[in-house]
Amino acid sequence: MDSRMDPQYRPEIIEPEAQQHWDEKQVFRATEDSTKPKYYCLSMFPYPSGKLHMGHVRNYTIGDVLARYHHMKGFNVLQPMGWDAFGLPAENAALANNVAPAGWTYANIDYMRGQLKRLGLAVDWSRELATCKPDYYRWEQWLFTELFKKGVIYQKTAAVNWDPVDHTVLANEQVIDGRGWRSGALVEKRDIPMYFIRISAYAEELLTELDHLPGWPERVKTMQRNWIGKSFGVEIHFPLNARHQVGEGDANPVLKVFTTRADTLFGVTYVAVAAEHPLATQAAAGNPALAEFIAECKQGSVAEADMATMEKKGMDTGLKVYHPFTNEPLPVFVANYVLMGYGEGAVMAVPAHDERDFAFAQKYALPIKPVIKPAGSDLAQPLTEAYTEQGVLFDSGDFSGRTSEDAIDKIALVLKNLSLGEKRTTWRLRDWGISRQRYWGCPIPIIHCPTCGDVPVPVDQLPVVLPEDVKIDIGSPIKKMPSFYETTCPTCGGKAERETDTMDTFVESSWYYARYACADNDTAMLDGRANHWLPVDQYIGGIEHAILHLLYARFFHKLMRDVGLVNSNEPFANLLTQGMVIADTYYRDLGEGKKQWINPADVDQRDGIWVLKTDGQPVIVGGTEKMSKSKNNGVDPQSLIDQYGADTARLFMMFAAPPEQSLEWSDAGVEGANRFLRRLWKAVSDHLEGGVIAAYRGGELSAQTQDFRRQLHQTIAKVSDDIERRKQFNTAIAAIMELMNAMAKLDNHPATRAVKQEALEAIVLMLAPIVPHICRSLIMALKPGACLMSSAWPTVDEAALVRDEIELMLQVNGKLRGKITVAIDADKDAIEQTALASPEVQKFMDGQPAKKVVVVPGRLVNVVV
RNA sequence: GCGAAAGUGGCGGAAUUGGUAGACGCACUGGAUUUAGGUUCCAGCGCCUAUGGCGUGGGGGUUCGAGUCCCCCCUUUCGCACCA
């Protein structure tokens with residue numbers, strides 16, 4: 001093969017050849033082999049939206065590099081792939097194109113599977129799963145019934161976005177500026193019954209276990225901690241009637257509030273309740289204006305970001321509550337910024353020490369009463385803004401003079417003695433509502449019986465199969481399909497109706513990682529193989545999943561543990577959150593604020609200005625944004641692969657940016673990646689023209705070749721560390737490029753050629769996880785008979801790293817002034833003497849002795865004069 | 001609004017533990033090769049008033065030494081529970 005090696009790099013020939021070979025030999029098939037350490041490498045599975053986008057290519061290349069690297073390091077690697085196949089886009093596509101969601105989804109899966117295979121991923125396709133298939137979701141339904149029986153799943157009402165024109169529930173993304181996306185009608189909040197999973201019961205464990213996940217990015221853990229939001233505070237009861245003596249509180253009805261700032265209790269000037277609070281409903285009964293205001297509060301979407309940014313409004317209910325200590329009457333307001341779902345749905349308002357309350361008090365001319373001041377100084381009054389720091393109490397009765405921290409404890413104690421409150425822990429985390437009023441999802445396995453109530457579908461009647469042959473209109477077709485919902489009660493045998501809601505698609509993605517271990521099991525959700533492979537050793541996916549998906553999956557793992565399905569506590573040992581793929585945007589102004597977005601592939605730069613290729617007329621350059629349909633700035637990976645091959649696509653993705661950062665698309669960068677691969681091919685081809693030679697095993701080398709060999713082994717050490725520990729592939733590639741540049745300067749003596757053979761073998765193997773197809777061809781050319789998939793990762797020859805001299809930077813007063821060369825074992829005194837004697841230092845000493853000399857071993861000397 | 005990150009040449013980025021700022025690549029410039037374009041190869045490439053000085057979003061601080069640590073500010077991005 002060596003002498004007959006094609007002098008041209010032809011990815012269109014070698015890539016299909018390699019893929020066919022791997023496929024036929026089933027080299028990526030994983031079996032439970034306990035003789036080797038296991039490595040379960042998982043990338044977040046794709047939603048089958050139609051075709052692969054660049055984000056997928058990036059995600060799966062990162063995963064593949066890690067999987068292939070660990071394979072070369074001797075691990076038994078599992079890398080599976082599947083489809084997160086239920087979801088809203090299938091219903092939208094069905095409406096737009098008049099096709100059934102199932103057919104659309106399956107066609108997309110088939111197409112995208114082909115695309116993934118063209119990337120050359122080391123995936124075990126025998127474990128492929130799709131969440132929309134009954135053999136997957138039947139186990140989700142089974143677990144639902146188990147959890148329902150345990151009381152972990154329960155029913156209650158919750159607010160949804162209701163479109164009053166289309167008579168349908170809208171997802172948050174279907175609400176645009178408070179209106180339904182299709183009807184344009186003002187959206188309302190509506191309470192409907194839904195099923196909830198008690199994630200709140202696991203809040204403490206979900207929080208504390210974060211401390212035992214060293215392989216997770218700190219920022220993801222911080223976001224999850226904040227999301228769970230454990231806060232220590234005080235529940236305070238405000239009596240609804242004035243008290244005539246202490247201790248009367250017991251029989252007096254109270255309004256409960258929760259606060260983390262009980263120290264500000266004497267600064268309360270009003271209380272505010274949510275629109276849905278019983279007290280608000282009670283007050284509205286005889287107050288039409290208030291009833292109207294409460295109705296107005298129910299307009300708009302349920303999204304928290306919308307609620308938080310809307311104008312803060314309120315209305316006095318006319319009701320009063322009484323301060324638990326001073327017995328002072330306080331007005332009760334209904335406020336649109338108080339959330340019924342958090343704490344007690346009521347807050348005590350302290351305008352002097354809370355920004356929102358301050359703004360609200362100014363708007364409605366409510367009193368602002370400061371009670372906290374910084375330690376050792378006074379507050380400038382009147383306040384121009386809320387003082388939100390903790391400090392020292394004043395004007396607070398017996399508590400004046402205490403610090404905030406001290407006062408919180410003391411106030412809680414006194415309240416407890418009065419039976420008017422106590423210390424409490426609350427959580428921001430709410431139970432997970434999993435009911436969706438949509439069609440394309442996993443049916444909730446519940447039967448509503450007029451006599452027996454909600455009955456879970458018995459195991460022998462599972463799965464409840466979602467009918468796939470349907471016509472899509474506004475609203476879920478199974479809600480209008482008696483053949484689906486008419487049934488009999490499993491308990492009493494009487495007429496009953498099936499639940500027609502489906503589950504949140506986050507449920508499917510909360511346990512798929514475990515199912516890959518035993519996707520072929522048709523008698524149980526999971527078996528012993530799950531415990532062999534779990535936890536996932538490396539999970540890779542977008543940072544946008546930092547909270548919801550990753551928290552739900554952690555939660556589900558604990559649920560599965562507690563029904564005996566898995567024996568570990570956490571699903572993902574190491575997490576890598578990859579950044580977005582972004583690209584420049586181009587547009588033309590159509591007037592009236594409308595823009596025509598133009599794809600980057602259709603523009604060209606001519607004489608410094610960007611023009612549309614088809615008409616040569618200029619276009620406007622927008623910002624660099626996430627690749628998206630709306631900005632038409634997506635670059636199709638398919639055309640990239642067709643033009644340059646999968647290896648170029650993979651190399652560009654890995655080289656352009658470190659995995660956690662966003663990656664900017666660049667046509668020129670792709671060219672550069674391709675150029676490097678052609679140079680690599682040519683380097684091997686040129687080297688082999690000199691004839692077959694064995695890799696260097698020892699013997700005399702010129703100083704230059706010895707230096708190069710040291711660089712080779714330093715590079716092996718660096719690349720291994722970059723991939724394994726730092727997961728920073730761009731610097732690994734850069735180091736290999738540097739090594740290639742250095743190699744090009746070497747001579748062709750036989751000893752040097754042996755070192756080049758050693759270097760090229762190492763370079764090809766180090767690049768193999770990133771660009772496997774070209775490396776398969778090159779290793780076979782370099783070492784006739786070699787097989788890439790059985791080649792081991794190169795090892796560092798410690799002897800090659802030895803050196804006897806080292807260069808130190810020379811600084812004077814912290815500024816670089818020169819360099820000195822010292823023996824590797826030179827001590828501090830010797831280095832200091834060499835530095836002080838150097839002409840660079842003498843120039844600045846001016847005959848004076850040095851004030852100080854700092855020696856940093858192996859790095860630099862700093863002389864202070 | 002709340003929570004979390006990130007700002008370094010013309011561009012993407014490097015600098016791993018407070019110790020040579022700008023590795024590697026792109027773009028650009030000059031040269032060689034070529035009928036020409038492309039390719040390939042060689043060299044140069046932070047800025048300035050250039051034997052020196054200034055430079056990591058802006059302002060202050062700690063240190064012999066700061067892109068890195070601390071305080072304040074600005075900008076951008078991500079998430080916010082029914083998009084996945």
Side-chain angles (χ1 to χ4, degrees), chain A residues 44 46-47 49 84 86-89 92 160-161 169-175 194 217-220 222-223 225-227 229 301-310 312 337 341 355-356 428-438 504-506 509 542-549 551-552 577 579-580 582 623 625-626 652 655-658 660-673 675-676 678-679 682 718 721-722 725-726 728 730-731 733-738 741 744 807-816 819 851-854 856 858-864:
Chain A
M44 289 180 186
Y47 177 79
S49 54
D84 188 15
F86 276 137
L88 202 49
N92 295 339
V160 293
N161 302 307
V169 175
L170 298 175
N172 280 336
E173 77 156 11
Q174 296 173 316
V175 180
M194 302 209 285
E218 211 48 59
R219 66 161 158 164
V220 173
T222 306
M223 282 193 267
R225 280 188 196 106
N226 290 332
W227 184 262
S301 92
V302 299
E304 195 176 296
D306 293 340
M307 312 246 287
T309 49
M310 70 192 169
K312 308 284 178 290
Y337 68 86
E355 278 167 34
R356 275 191 314 189
R428 212 186 73 93
L429 184 67
R430 310 196 292 259
D431 277 343
W432 176 13
I434 55 163
S435 293
R436 297 292 179 269
Q437 299 68 44
R438 306 192 197 294
D504 182 358
T505 56
F506 270 125
S509 56
I543 183 67
E544 65 273 21
H545 297 292
I547 297 174
L548 291 181
H549 162 62
L551 188 65
Y552 290 147
T577 50
M580 301 176 302
I582 58 179
E625 298 190 47
K626 179 176 180 173
F652 168 71
F655 182 59
E660 305 220 294
Q661 286 182 33
S662 60
L663 182 153
E664 194 173 317
W665 177 258
S666 150
D667 286 314
V670 175
E671 293 272 2
R675 187 176 306 143
F676 174 74
R678 289 198 308 266
R679 279 181 52 208
K682 188 165 183 297
K718 176 173 173 54
D721 186 52
D722 277 353
R725 181 181 62 88
R726 301 179 70 209
Q728 190 160 303
N730 56 331
T731 49
I733 295 164
I736 294 170
M737 286 174 168
E738 275 185 85
N741 293 343
E807 206 174 49
L808 297 182
M809 296 306 120
L810 197 52
Q811 291 184 343
V812 179
N813 293 337
K815 283 196 186 347
L816 183 67
K819 295 171 185 178
K851 270 191 194 157
K852 187 174 182 181
V853 180
V854 181
V856 183
R859 291 226 178 241
L860 57 73
V861 186
N862 187 18
V863 182
V864 185

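Per chain, numbering begins at 1; letters A, B, ... match sequence-line order.
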Any base atoms under 4.0 Å from [X], or only sugar-phosphate, or nothing? Heavy atoms, all strands.
X      : answer
A:M44  : nothing
A:F506 : base
A:R225 : nothing
A:G579 : nothing
A:H545 : base
A:R219 : sugar-phosphate
A:A735 : nothing
A:E738 : sugar-phosphate
A:A546 : nothing
A:V853 : nothing

Closest to the [X] side chain, choosing from [options]:
X      : options             : answer
A:A171 : B:C83, B:C24, B:G79 : B:C83
A:N172 : B:G1, B:A84, B:A81  : B:A81
A:N226 : B:A23, B:A4, B:A81  : B:A4

Would you measure the distance from the [atom1] atom in [N] across to the matching atom in [M] and give it in whole Å?
N     : M     : atom1 : result
B:A23 : B:G12 : C1'   : 13 Å
B:G25 : B:G59 : P     : 34 Å
B:G58 : B:U75 : C1'   : 10 Å
B:U68 : B:U63 : C1'   : 13 Å
B:G1  : B:C70 : C1'   : 28 Å
B:A32 : B:U39 : C1'   : 14 Å
B:A66 : B:U56 : C1'   : 11 Å
B:G22 : B:G37 : C1'   : 34 Å

List the protein contact pattern of nucleotides 8-21 of chain B with one symbol per nucleotide (5' to 3'): B for base contact, S for sugar-phosphate-only contact, - for none; contact means a heavy-atom distance under 4.0 Å.
----SSSSB--BB-

Is any side-chain heavy atom of [X] less than 4.5 Å from a side-chain heavy atom of [Y]?
X      : Y      : value
A:K819 : A:L810 : no
A:I547 : A:V220 : no
A:M809 : A:V856 : no
A:R726 : A:K718 : yes
A:N172 : A:V302 : yes
A:W665 : A:V670 : yes
A:N741 : A:R679 : yes

Shortest non-hydrogen contact from A:G858 to A:L808?
C-CD2, 3.6 Å

Heavy atoms only: give me the nearest A:Q728-A:P658 pair and the separation to one decimal.
CG-CB, 4.2 Å

Using Watson-Crick and G-U wobble pairs whose two distances are both under 3.5 Å, how do you write the pairing of RNA chain B as dot-bracket, with | for links to another strand?
(((((((..(((......[....))).(((((.......))))).(((...)))..(((((..]....))))))))))))....

Assigned glycosidic conformation for B:G57 [threshold 90° from 0]:
anti

Is the base of B:A14 syn or anti, where syn means the angle lies within 90° of 0?
anti

Residue pair A:A305/A:I733 against RNA chain B: nearer the 5' end by closest nucleotide is A:I733

Quick check: on RNA chain B, is the nucleotide nearest A:H549 upstream (toward 5') of the one nearest A:D431, or the reverse? Name the residue that is more 5'.
A:D431

Can you see if the side chain of A:R675 gets near the phosphate of B:G25 - specifically, an N or O under 4.0 Å from OP1 or OP2?
no

Short side-chain N/O contact from A:S666 to OP1 or OP2 of B:C26, under 4.0 Å
no

If I take atom [atom1] in residue [X] and atom [atom2] in nucleotide [N], what distance separates them, rounded to the nearest angstrom?
X      : N     : atom1 : atom2 : result
A:W227 : B:C78 : CH2   : P     : 17 Å
A:L548 : B:A81 : CG    : C1'   : 5 Å
A:M223 : B:A81 : CE    : P     : 15 Å
A:Y552 : B:C83 : OH    : P     : 10 Å
A:E660 : B:G7  : CD    : P     : 13 Å

Spacing of CZ belonging to A:R219 relative to CD1 belonging to A:I543, to within rounding of 0.5 Å
3.5 Å

More than 12 heavy atoms of other groups within 6.0 Å of A:R859 CZ
no

Can you say whether the rings of A:Y552 and A:W432 are parallel (under 30°), tilted (30 to 60°) or perpendicular (over 60°)?
parallel

